[in-house]
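Before any comments, here is the structure.
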Amino acid sequence: MSRTSRVYVQGLPQLIQLNGHNRDIVFHDEEDYLTFLNCLRKAGEIFDFALHAWTLLPHQLMILLTPQTKEDLSRLVQHIGRSYVPWFNQKYHRSGSLWEGRYNSSLIEPEAYLLIAQKYVDTRFRERNTTGDDPHLWSSYRHNIGEQLQPMITPHEQYLRLGHTPEERARQYARFIQSPLSPSVEKRLQDCLNQNRLLGTPQYCRQLERQLHRSVQPRQAGRPRKYFHNQVTDWVWLENQAACLLSRYCYQEVRLPLLENKENEALFTSQYPKSPLAGDHSALLRGEGTMGCLQLINQHPHLQSTSKLWYQGVMFRSEENQGDHIEQYQQLGVEAFGYADVDIELEQLVLQYDFFKSLGLREYVELKINSVGTQQEFAAFRAALRAFYQPFTVVFEPDWITCLAVQPEKLLSSDHPLLVKLRSTAPEISDFLGTDSRRRFDSLLESLTKVHVPFVVDRWLCPTNAYCHTHFEWHCPTLEHSLLCRGGRYDDCASSVIETPVRACGFALMLDPIMRLLRLTDKHLLKQQVTDVVIIPGSPAASTEALSIGRSLRKTFPQMSIASDFSHMRVNACVRNARRQGGRFIIVVPSDGPTTEIALYDRDSGQEQRVNIAKAIGILSRSLNALPVYRGTENEPSG
């Protein structure tokens with residue numbers, strides 16, 4: 001089978017990775033490092049490419065560069081193989097290839113991921129260093145933070161946008177590089193390297209795929225699962241995971257009405273229009289829970305001081321251009337009122353990170369965050385966008401003109417080639433932030449770095465709802481609909497709804513895509529035990545006795561979940577079904593009367609015993625004492 005041709009796009013940077021054969025050492029001492037750097041320097045004089053970052057590990061090397069042509073890239077790798085490898089083989093009296101197969105490469109979307117890829121390269125030696133040497137000695141880290149200039153480094157345009165002077169750019173990059181790299185981004189980057197794919201946003205990838213007529217996004221390994229067991233069990237488990245974590249953060253659950261007042265429809269704009277009932281009604285189906293929480297604290301003013309609430313349930317939306325078609329979805333929302341500083345926003349972001357970590361999804365999610373400033377600063381940004389796009393309205397589509405009048409910032413997220421090209425010179429929200437807003441956002445980012453929550457500052461991230469200051473989203477690029485969570489601060493909106501000044505901050509977890517992600521990644525978490533005891537009557541005549549035993553056990557062990565199987569199938573079939581449900585203990589009640597011993601199956605020990613009720617209670621009691629109070633997962637978050 002012929003090899004797949006490498007993806008190359010003129011002007012896009014590339015990340016190159018070469019591994020030692022069988023993970024063998026390719027740099028033993030200082031002479032090896034210096035010799036390779038000399039080869040790289042000579043290659044820069046022969047071939048036309050701009051080197052942005054590099055790092056040399058004992059068993060691996062990584063180079064971030066922008067080649068002028070596809071041939072320059074391949075000739076660079078050939079030059080390394082024809083100059084460094086013979087010298088290395090002669091020095092260490094060896095022969096054959098030094099590298100493990102072909103080099104790995106990945107295209108990088110400049111605006112979204114260039115600095116992230118550069119950070120990945122510059123910090124690689126620090127993370128993998130086990131020799132005790134200076135972790136930044138053999139990388140471009142010191143050059144990019146302004147400590148030790150290296151003539152062969154050419155800064156990329158995205159790096160130059162960090163500041164107006166070299167000192168300012170180095171200072172901003174040194175600050176940026178201290179934040180932890182998201183495991184999700186690191187995994188995607190490694191997948192792109194291994195598969196020769198593009199590291200970019202979904203919109204950018206789709207745009208390139210239309211141009212190149214080939215796929216540029218990394219593929220998922222393995223086949224999708226064809227069967228899942230009880231879906232109700234999965235949902236109960238997921239909701240319990242969230243409820244347990246929120247209770248540990250002292251959030252209180254509230255129940256919200258299914259219908260909302262139609263007169264408040266325009267006060268809090270959702271992503272999708274809310275769904276009206278059939279006919280001329282003054283009520284709307286619940287489109288999101290924030291409005292219900294605001295109405296709740298309006299009815300109970302004491303909650304406006306300091307309160308932390310959460311809710312869950314079915315929400316409704318009507319898709320655009322779908323007429324009266326109404327779609328329902330599951331959402332879990334968290335709201336906090338009365339907290340003015342960034343501390344509450346930091347706590348909620350840590351809570352979200354702990355939630356995804358407890359689900360084992362830390363490597364699949366990515367936090368994007370931005371500041372939209374005050375209401376006045378965001379209004380000034382919108383006015384600048386309207387003025388910027390106004391000369392191009394003659395070629396705009398009708399939907400774009402409508403968007404320009406209402407929410408011009410939505411044009412920045414479009415993947416249309418014309419709008420993508422205009423975005424590179426469009427105004428940015430950061431240019432309109434005042435000193436206080438900048439200081440507030442910087443304080444939040446510094447705190448996120450200290451608590452080791454990975455994040456990406458997305459300067460094109462704008463709110464779809466009425467947020468102010470902080471706005472954030474959690475995404476999973478492997479899903480078609482990647483949004484998993486959205487939130488931020490909405491002081492101005494909350495104050496206008498309840499007609500009194502109030503501080504408000506919250507977020508919503510989209511449970512449907514989170515459940516799809518759990519199933520897509522085939523997490524064993526969905527198979528966790530949810531039933532402690534299953535009681536099976538040996539015959540229809542034993543149903544009454546089985547019911548009586550179940551009542552006694554529920555009174556004795558209120559912490560246990562106890563289910564009765566009244567399907568009246570054969571006992572063996574009932575036992576198999578109970579095991580599929582994850583039952584720890586299975587009790588089979590014979591039909592001979594209350595004095596007869598019951599059959600007790602212990603799943604963990606694999607033993608079957610004939611015992612009376614008293615002895616069965618003793619066995620269950622010992623097992624209950626061995627159970628933790630909170631049955632979480634292996635990746636239990638730290639409180």
Side-chain angles (χ1 to χ4, degrees), residues 7 9 11-15 106-117 120 158 181-221 224 271-272 319-321 329 356 361-370 399-400 403 407 409-424 426 454-464 471-486 509-510 512-521:
V7 180
V9 178
L12 285 191
Q14 292 239 14
L15 181 59
S106 171
L107 287 171
I108 307 294
E109 179 188 352
E111 289 188 357
Y113 287 103
L114 186 280
L115 291 179
I116 293 176
Y120 179 73
Q158 296 300 317
L181 188 65
S182 168
S184 170
V185 174
E186 187 171 351
K187 181 179 182 300
R188 287 180 59 210
L189 205 156
Q190 198 58 55
D191 289 342
C192 291
L193 278 171
N194 295 336
Q195 301 179 28
N196 181 227
R197 300 288 168 155
L198 169 71
L199 178 65
T201 59
Q203 298 89 342
Y204 191 84
C205 290
R206 288 194 294 267
Q207 177 188 353
L208 270 187
E209 287 173 346
R210 288 194 294 264
Q211 296 177 4
L212 303 176
H213 303 288
R214 61 176 294 183
S215 175
V216 298
Q217 301 185 59
R219 301 181 300 271
Q220 294 298 312
Q271 180 184 11
Y272 299 102
E319 296 284 0
E320 295 179 338
N321 303 322
Y329 62 100
F356 288 118
L361 301 178
R362 191 167 61 99
E363 297 181 352
Y364 302 92
V365 299
E366 176 182 349
L367 171 60
K368 298 183 179 181
I369 190 170
N370 196 17
D399 293 342
W400 299 357
C403 186
Q407 290 180 296
E409 66 275 7
K410 291 182 66 175
L411 297 176
L412 299 173
S413 59
S414 173
D415 58 352
H416 191 278
L418 174 60
L419 295 180
V420 170
K421 187 174 182 179
L422 290 176
R423 186 179 66 178
S424 60
F455 63 88
V456 174
V457 178
D458 187 348
R459 66 179 188 270
W460 303 117
L461 183 64
C462 293
T464 56
H471 172 52
F472 55 84
E473 294 180 355
W474 290 84
H475 287 265
C476 173
T478 58
L479 295 179
E480 181 179 359
H481 301 287
S482 64
L483 181 64
L484 304 179
C485 177
R486 173 187 285 138
L509 290 166
M510 318 304 176
D512 297 279
I514 292 175
M515 179 60 73
R516 286 197 296 271
L517 179 59
L518 282 167
R519 291 171 175 169
L520 179 66
T521 54

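In what follows, every heavy atom counts, from backbone to side chain, and hydrogens, waters and symmetry copies are set aside.
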**OP:** Under the side chain to side chain contact (heavy atoms under 4.5 Å, CB included) rule, what do Ser184 and Glu363 come out as? Steps first, then yes or no, please.
**Re:** CA-CA 4 Å; Ser184 170; Glu363 297 181 352; 5.8 Å; no
Nearest heavy-atom pair of [X] and [Y]: which atoms, and what distance?
X	Y	value
Val420	Ser414	CG2-O, 3.5 Å
Glu409	Pro463	OE2-O, 4.0 Å
Leu483	Met510	O-CG, 4.0 Å

Take Leu479 and Leu517, measure what side chain to side chain contact (heavy atoms under 4.5 Å, CB included) needs, and give me the verdict at the end.
CA-CA 7 Å; Leu479 295 179; Leu517 179 59; 4.1 Å; yes
Checking [X] now: which residues fulfil ring pair (Phe, Tyr, Trp, His ring centres under 6.0 Å) with it, not counting sequence neighbours?
X	result
His416	Trp400
Phe356	Trp474
His471	Tyr467

### Task
Please examine the side chains of Val216 and Leu107, heavy atoms only from C-beta on, and report whether any two atoms are closer than 4.5 Å.
no
Under a 3.5 Å threshold, yes or no: a donor from one side chain and an acceptor from the other, between [X] and [Y]?
X	Y	answer
Glu109	Thr201	yes
Tyr204	Glu209	no
Tyr364	Arg188	no

List in chain and number order the residues that pass side-chain hydrogen bond (donor to acceptor under 3.5 Å, both in side chains) with [X], two or more places apart in sequence or in another chain; answer none if no residue qualifies.
X	answer
Glu111	Arg423, Trp460
Arg210	none
Arg197	Ser215

Polar side-chain atom of [X] near backbone of [Y] as donor-acceptor pair, under 3.5 Å:
X	Y	result
Ser482	Pro477	no
Ser413	Lys410	yes
Asp458	Ala112	no

**OP:** Please assess Arg516 against Asp512 for the test salt bridge (charged side-chain N to carboxylate O under 4.0 Å, His left out), listing each intermediate value before the final yes or no.
**Re:** CA-CA 6 Å; Arg516 286 197 296 271; Asp512 297 279; 5.4 Å; no
CG (Leu199) and CG (Leu193) are apart, to the nearest 0.5 Å, by 8.5 Å
When rounded to the nearest 0.5 Å, the distance separating CG of Leu212 from CD of Gln207 is 10.0 Å
CA sep, side-chain torsions, deciding dist, call: Ile108, Ser106, side chain to side chain contact (heavy atoms under 4.5 Å, CB included): CA-CA 6 Å; Ile108 307 294; Ser106 171; 4.1 Å; yes
Worksheet item: Would Arg486 and Glu473 pass as an ion pair if we require N to O under 4.0 Å?
Response: yes
